[in-house]
Chemist: 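Quick one: this structure, given as structure tokens, is what I'll be asking you about.
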2 protein chains.
Amino acid sequence: MIDTPAASIFHKAGAVAHGTIVLSFINKTKPKMTALSDTSRARRHSAAHCSTCAMRHLCMPEGLCANDIAKLENIISVTRKVKRGDALFRTGDRFDALFAVRSGSIKTVVTHDGGREQVTGMLLAGDALGFEGIEEGEHTCDAIALEDSSVCVVPYSLFERMCRETDALQRRLHRMMSHAVNREANHVVRLGMLRADERVARLLLDLSSRLSKRGYASSEFTLRMTRDDMGSYLGMTLETVSRTLSRFDKAGFIETQGKFIRIRDFDALRAV
Amino acid sequence: MIDTPAASIFHKAGAVAHGTIVLSFINKTKPKMTALSDTSRARRHSAAHCSTCAMRHLCMPEGLCANDIAKLENIISVTRKVKRGDALFRTGDRFDALFAVRSGSIKTVVTHDGGREQVTGMLLAGDALGFEGIEEGEHTCDAIALEDSSVCVVPYSLFERMCRETDALQRRLHRMMSHAVNREANHVVRLGMLRADERVARLLLDLSSRLSKRGYASSEFTLRMTRDDMGSYLGMTLETVSRTLSRFDKAGFIETQGKFIRIRDFDALRAV
DNA sequence: CGGACCTTTGAAAGTTTTCAAAGTGGGTGG
DNA sequence: CCACCCACTTTGAAAACTTTCAAAGGTCCG
């Protein structure tokens, strides 16, 4: 597997004022075609390691020639930090870039007329977002950081042009958009066919598998979202989420302690 | 608005054997840059008129130069007929083309392990489908015709190449895919935040508005789907759908007679 | 015209929400 | 450093909503 050491493409921005968003324009360096040498990086805390993940989806030049890589670097050279609770973008904001989560996690939220909110997506490091904005040139949901996070910023018009020049990149973009479609479709099925406890079980298994793909333990994790977020995402109330987790705990499927979750019986969860 | 008379690009295939799918390879002719002269066409029955709609989204060469139009014609020259109940594609089928509904209507269905089915989409004339297949090169749902229908077939690899050459086409593809994302996201919201009667009301209003955009009366239509399909699409049982429609009827919001629906009070439906 | 499929309606059972109240935890200011 | 406060979580009981099971009527296609 070809990789580009994270630090060589992405650099941390300087100090971040409280409650604000910082754009950091940074130097780029040539990526090196070496295997990941420092595997310990993947074990470090979420906020530190995940440019590796982001790159696997969006930034990694797999399948691109040296010339293409150089062009890609020119485009994806900006990162942006979002503090917990702050918005990466909001409904109605002009769409001009796609984003890839480098570190942290982000939820997407649609606000219904009447103030009720629905969480439509949970994005982890490596996930791409923003595709919903292409259609009308405006974002159609809010993207809110669940913890202090950073994202790659991919200016859309430049990226679009590059996709016209490089078929490998075009293919990647199309696959990412198709993935976004499938992500939503899976969510529709989860909401439409499953009962409350099945939905909660699926969410836990989904998070577990996504975290393990990112190099974390699959059986233990700390949720970044509240019960309210989970309920909103799963189309149920926070009380029902809480009760369901308690029941799973009592049944021995999981251990819960607030936001910390340990899965003790994967098969039982799958069979719920 | 520039249009391309439907008949000049799309030709009907010959006889269709019962229960089978026919691919019709057809001659292409040069599109003419004239306004739609026969407006009565748009008023004819669903099964007859809708290539005009399909073109607006996918086939219409709006914004393309003459040279590009010629290339586009080469690609979108195949139509396919699907008889009611038959599949345009099934889960696991190799993905090699996108489709645009020319006439009729198609549902997309995901089959859960256990036999239960969930309808994830209702496509009318002009709607594009198949984007879910790009990610893995295999379709991830079944597409079943709700009535005898026909679709434009857009070979994906050719189309992809053309999008690289023509930025107007690329922009259109990206918008269509973004639209598919938003379509699913709206469905997620419908399933996650609304109660049964709100969901039914929304579906009626949604169908009404989509049909009226296609030149049909917005207040009267004949559903092509069964109560079971509606229920599956809305994440509820067919009995609840039926009861809800009966209640709307008694309340004077709509008139129902089996699959025929007349909306009498749009505001009441919106306020449900 | 017949039969298969679809729709309607009722009543009971089951699931989820709502309302209410108490308990927990973590971060901040004193 | 601790206490307090605010936001989050847990749990209970009643109410609301939806499904399930059952049976009868309709409709449409071949």
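Chain identifiers are assigned alphabetically (A, B, ...) following the order of the sequence lines, protein sequences preceding nucleic acid strands; residue numbering begins at 1 within each chain.
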Chemist: Which residues, if any, of residues 247-265 of chain B bring a heavy atom under 4.0 Å of DNA chain D?
Modeler: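 Nothing qualifies; none.
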Chemist: Looking across every strand, which nucleic acid part, if any, lies under 4.0 Å from T240(B) by heavy atom: base, sugar-phosphate, or nothing?
Modeler: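 Base: the residue T240(B), judged by heavy atoms under 4.0 Å, touches a nucleobase.
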Chemist: Output the single nucleotide from dT17(C), dC17(D), dT10(D) whose closest atom is nearest the side chain of R195(B).
Modeler: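 Nearest to the side-chain atoms of R195(B), counting from C-beta on, is dC17(D).
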Chemist: Taking N and O atoms by type only, does the side chain of R243(B) place a donor or acceptor under 3.5 Å from a partner on the base of dG10(C)?
Modeler: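 Present.
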Chemist: Rounded to whole Å, please give me the gap between CG in L223(B) and C1' in dT7(C).
Modeler: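 My rounded result for the distance is 13 Å.
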Chemist: Under the criterion side chain to side chain contact (heavy atoms under 4.5 Å, CB included), I'd like the reasoning laid out for I261(B) against E220(B): C-alpha separation, chi angles, the key distance, then a yes or no.
Modeler: CA-CA 6 Å; I261(B) 304 262; E220(B) 291 185 20; over 6 Å; no
Chemist: According to the interplanar angle, ranging from 0 to 90°, do the rings of H139(B) and F89(B) count as parallel (below 30°), tilted (30 to 60°) or perpendicular (above 60°)?
Modeler: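 Parallel.
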Chemist: When the distance from CG of D197(A) to P of dG14(C) is rounded to whole Å, what number comes out?
Modeler: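 So the CG-P distance, D197(A) to dG14(C), works out to 15 Å.
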Chemist: Determine the contact category for S242(B): base if any of its heavy atoms lies under 4.0 Å from a base atom, sugar-phosphate if only primed atoms, P, OP1 or OP2 are that close, otherwise nothing.
Modeler: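 The residue S242(B) makes base contact.
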Chemist: Tell me: CD of E239(B) to P of dT20(D), nearest whole Å?
Modeler: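 Rounded to the whole Å, the gap is 8 Å.
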Chemist: Quickly work out the R227(B) CZ to dT8(C) P distance and round it to whole Å.
Modeler: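 My rounded result for the distance is 4 Å.
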Chemist: For dT8(C), take OP1 and OP2 only and decide whether either is under 4.0 Å from a side-chain N or O of S246(B).
Modeler: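 So the side-chain polar atoms of S246(B) never come under 4.0 Å of the phosphate oxygens OP1 or OP2 of dT8(C).
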Chemist: Quick one: label L245(B) by what it contacts on the DNA or RNA (base, sugar-phosphate, nothing), any heavy atom closer than 4.0 Å.
Modeler: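 It contacts nothing in the nucleic acid.
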Chemist: Would you please name every residue forming a side chain to side chain contact (heavy atoms under 4.5 Å, CB included) with S212(A), sequence neighbours left out?
Modeler: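 Result, side chain to side chain contact (heavy atoms under 4.5 Å, CB included) vs S212(A): S218(A).
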Chemist: Would you check if T91(B) and T111(B) make a side-chain contact, meaning some heavy-atom pair closer than 4.5 Å?
Modeler: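 No, their side chains stay 4.5 Å or more apart.
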Chemist: Please report the distance, rounded to the nearest Å, between NZ in K83(B) and P in dC29(D).
Modeler: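 Rounded to the whole Å, the gap is 12 Å.
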Chemist: Are side-chain N/O atoms of T140(A) and N182(B) paired as donor and acceptor at under 3.5 Å?
Modeler: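 N182(B) and T140(A) do have a side-chain donor-acceptor pair below 3.5 Å.
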Chemist: Can you check the L191(A) CG to dT16(C) C1' distance for me, whole Å?
Modeler: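 Going from CG in L191(A) over to C1' in dT16(C) covers 15 Å.
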Chemist: Round to the nearest Å and state the distance from L238(A) atom CG to dT16(C) atom C1'.
Modeler: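 Distance, rounded to whole Å: 13 Å.
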Chemist: Take a 6.0 Å sphere around CZ of R116(A) and say whether it holds more than 12 heavy atoms from other residues, nucleotides or ligands.
Modeler: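 Buried by this count: over 12 neighbours within 6.0 Å.
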Chemist: Measure across I106(A) and A145(A) and return the closest heavy-atom pair with its distance rounded to 0.1 Å.
Modeler: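 It is CG1-CA, 4.1 Å.
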Chemist: Rounded to whole angstrom units, what separation is found between the CE atom of M236(B) and the C1' atom of dT7(C)?
Modeler: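 Rounding to the nearest Å, CE of M236(B) and C1' of dT7(C) are 14 Å apart.
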Chemist: Within the structure shown, what part of the strands sits under 4.0 Å from G235(B) by heavy-atom distance: base, sugar-phosphate, or nothing?
Modeler: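 Touches sugar-phosphate only.
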